[in-house]
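So the structure is just underneath, and the comments pick up after that.
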Amino acid sequence: MTSNAVPLAGVLGWPITHSLSPLLHMHWIKALGLKAYYVPLGCAPEDFISSVPALLKAGFRGFNVTIPHKEAAFALADTVTPRAQHIGAVNTLWLEDGMLVGDSTDGDGFLSALPPLEAGSHIVVIGAGGAAKAIVYALAGLETVTHITVANRTIARAEALCAQIRPLFDHTAFDAHGLDGLDHVLSAADVIVNTTALGMKGHPPLTLDLSACTASPIAYDIVYTPPLTPFLREAQANGLTAINGLPMLIGQARPGFEKWYGQAAPHTGEELSLLKRALGQT
Ligand code: NAP
């Protein structure tokens, strides 16, 4: 450990150049007038295990971890929170009593932008990857959610996700589905969530027929580049309420900030416009 007293944290990923996390954390650091830094840390997969201890030795207090390191970070942590244990991945690491602690805050970030749901809500989650796992776990923890359908291109992964989370929650029914023949499932949904990269810049769009969604459910896309994805545009055209992934990005960042810098991240009211400007949107 060095004598460096300036609090340091950063985001480890590969690639990392497009990460919005440094902009967001530095915005909060400046708003609080802290003498602290948050930096992007490009780290190839083969270097992750050796880089984290070296950075901690150099004075870093912890990290956000993004693609492709979330499972490696889970394995590297000395201890993880119960929810991270269930999810099998972490996106936030911090030092506590000399131990490297890992947590998965994507689910909290996701819930931070979700309006209160009516009792008996049915959620359709598109995708069964890492983000889906954190989101399904968080949704199943809500008393109001009694039914979650996981729909994925590879149905076996949707079935595996349901099988993993089902035993943890008594009040929620889980079922797995493919991406075809979803219309009747979508028409009964209260919230439809896209957790795949479909619709992200450079990826094909997520195309769902939302015309039967007459009960005006919420359409929530965790993708935020662009902020208005083809899925959200289609949702708005059909009278659904659209939420994009930017508030989730902000919400998942808050717990780490407090761990590294010792103060809660402020609510400046400028976070969304800052990130939209960085993405070239107004
Ligand atoms: P992941 O573990 O690689 O999972 C990818 C998922 O997308 C899988 O369900 C996969 O289906 C599906 N998929 C990929 N290409 C597809 C295609 N062409 N057609 C149909 N399905 C396809 O990725 P992840 O970590 O969950 O991340 C997913 C997205 O969430 C990324 O865009 C990421 O940037 C975003 N994200 C946003 C936030 C935020 O704060 N807003 C936080 C975390 C992640 P198969 O199982 O069939 O391969």
Side-chain angles (χ1 to χ4, degrees), residues 11-25 45 64-74 84 87-92 103-114 124-139 148-165 176-180 182 192-208 219-232 242-257 265 271-272 275-276 278-279:
V11 53
L12 287 155
W14 189 255
I16 201 62
T17 40
H18 297 298
S19 173
L20 293 174
S21 296
L23 185 68
L24 181 61
H25 283 281
N64 281 131
V65 180
T66 187
I67 293 170
H69 301 311
K70 289 184 179 183
E71 283 83 14
F74 174 82
I87 293 161
V90 304
N91 69 341
T92 308
D103 191 15
S104 170
T105 68
D106 280 336
D108 271 5
F110 174 83
L111 292 183
S112 70
L114 188 68
V124 179
V125 175
I126 312 289
K133 205 181 283 184
I135 287 168
V136 168
Y137 182 84
L139 283 166
I148 298 177
T149 301
V150 181
N152 196 44
R153 174 179 62 180
T154 311
I155 193 165
R157 284 187 86 191
E159 283 165 351
L161 200 164
C162 290
Q164 188 184 342
I165 308 284
H177 209 284
L179 290 184
D180 294 329
L182 264 181
I192 303 164
V193 189
N194 175 38
T195 72
T196 74
L198 291 174
M200 197 171 159
K201 204 171 159 192
H203 291 73
L206 171 66
T207 44
L208 297 175
Y220 194 150
D221 199 335
I222 73 165
V223 171
Y224 51 80
T225 49
L228 190 61
T229 59
F231 165 54
L232 291 186
I243 302 173
N244 71 19
L246 282 173
M248 173 175 169
L249 182 75
I250 297 165
Q252 62 80 34
R254 291 187 183 281
F257 187 95
E271 291 91 347
L272 269 180
L275 299 182
K276 280 188 191 164
L279 292 170

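We count ligands from 1, going down the list as the structure has it; atoms in each ligand are counted the same way.
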key: Results of side-chain contact (heavy atoms from CB on, under 4.5 Å) for A253 - residues two or more places apart only   = L24, H25, W28
Pairwise distance CG(N244) to CD1(I222) - rounded to 0.5 angstrom = 11.0 Å
task = Name all residues meeting the ring-ring contact (aromatic ring centres under 6.0 Å, His included) criterion together with F74; count only those two or more places apart in sequence or in a different chain, and write none if there are none.
result = none
query = Charged N to carboxylate O under 4.0 angstrom, R153 versus D180?
reply = no
message = Checking Y220 now: which residues fulfil ring-ring contact (aromatic ring centres under 6.0 Å, His included) with it, not counting sequence neighbours?
response = F110
query = Any ion pair linking E271 and K276 (charged N to carboxylate O, less than 4.0 Å)?
reply = no
List below, pair by pair, the N or O atoms of ligand 1 and of the protein that are less than 3.5 Å apart, including the distance to 0.1 Å; reply 'none' if no pair qualifies.
residue  : atom   : partner : partner atom : Å
ligand 1 : 2 (O)  : G130    : N            : 2.9
ligand 1 : 9 (O)  : A128    : N            : 2.9
ligand 1 : 9 (O)  : N152    : OD1          : 2.7
ligand 1 : 11 (O) : N152    : OD1          : 3.2
ligand 1 : 18 (N) : R153    : NH1          : 3.3
ligand 1 : 26 (O) : G130    : N            : 3.2
ligand 1 : 26 (O) : A131    : N            : 2.8
ligand 1 : 40 (O) : L249    : N            : 3.4
ligand 1 : 41 (N) : I222    : O            : 2.9
ligand 1 : 41 (N) : G245    : O            : 3.0
ligand 1 : 46 (O) : N152    : ND2          : 2.8
ligand 1 : 46 (O) : R157    : NH1          : 2.8
ligand 1 : 47 (O) : R153    : NE           : 3.0
ligand 1 : 47 (O) : T154    : N            : 3.0
ligand 1 : 47 (O) : T154    : OG1          : 2.5
ligand 1 : 48 (O) : R153    : NH2          : 2.8

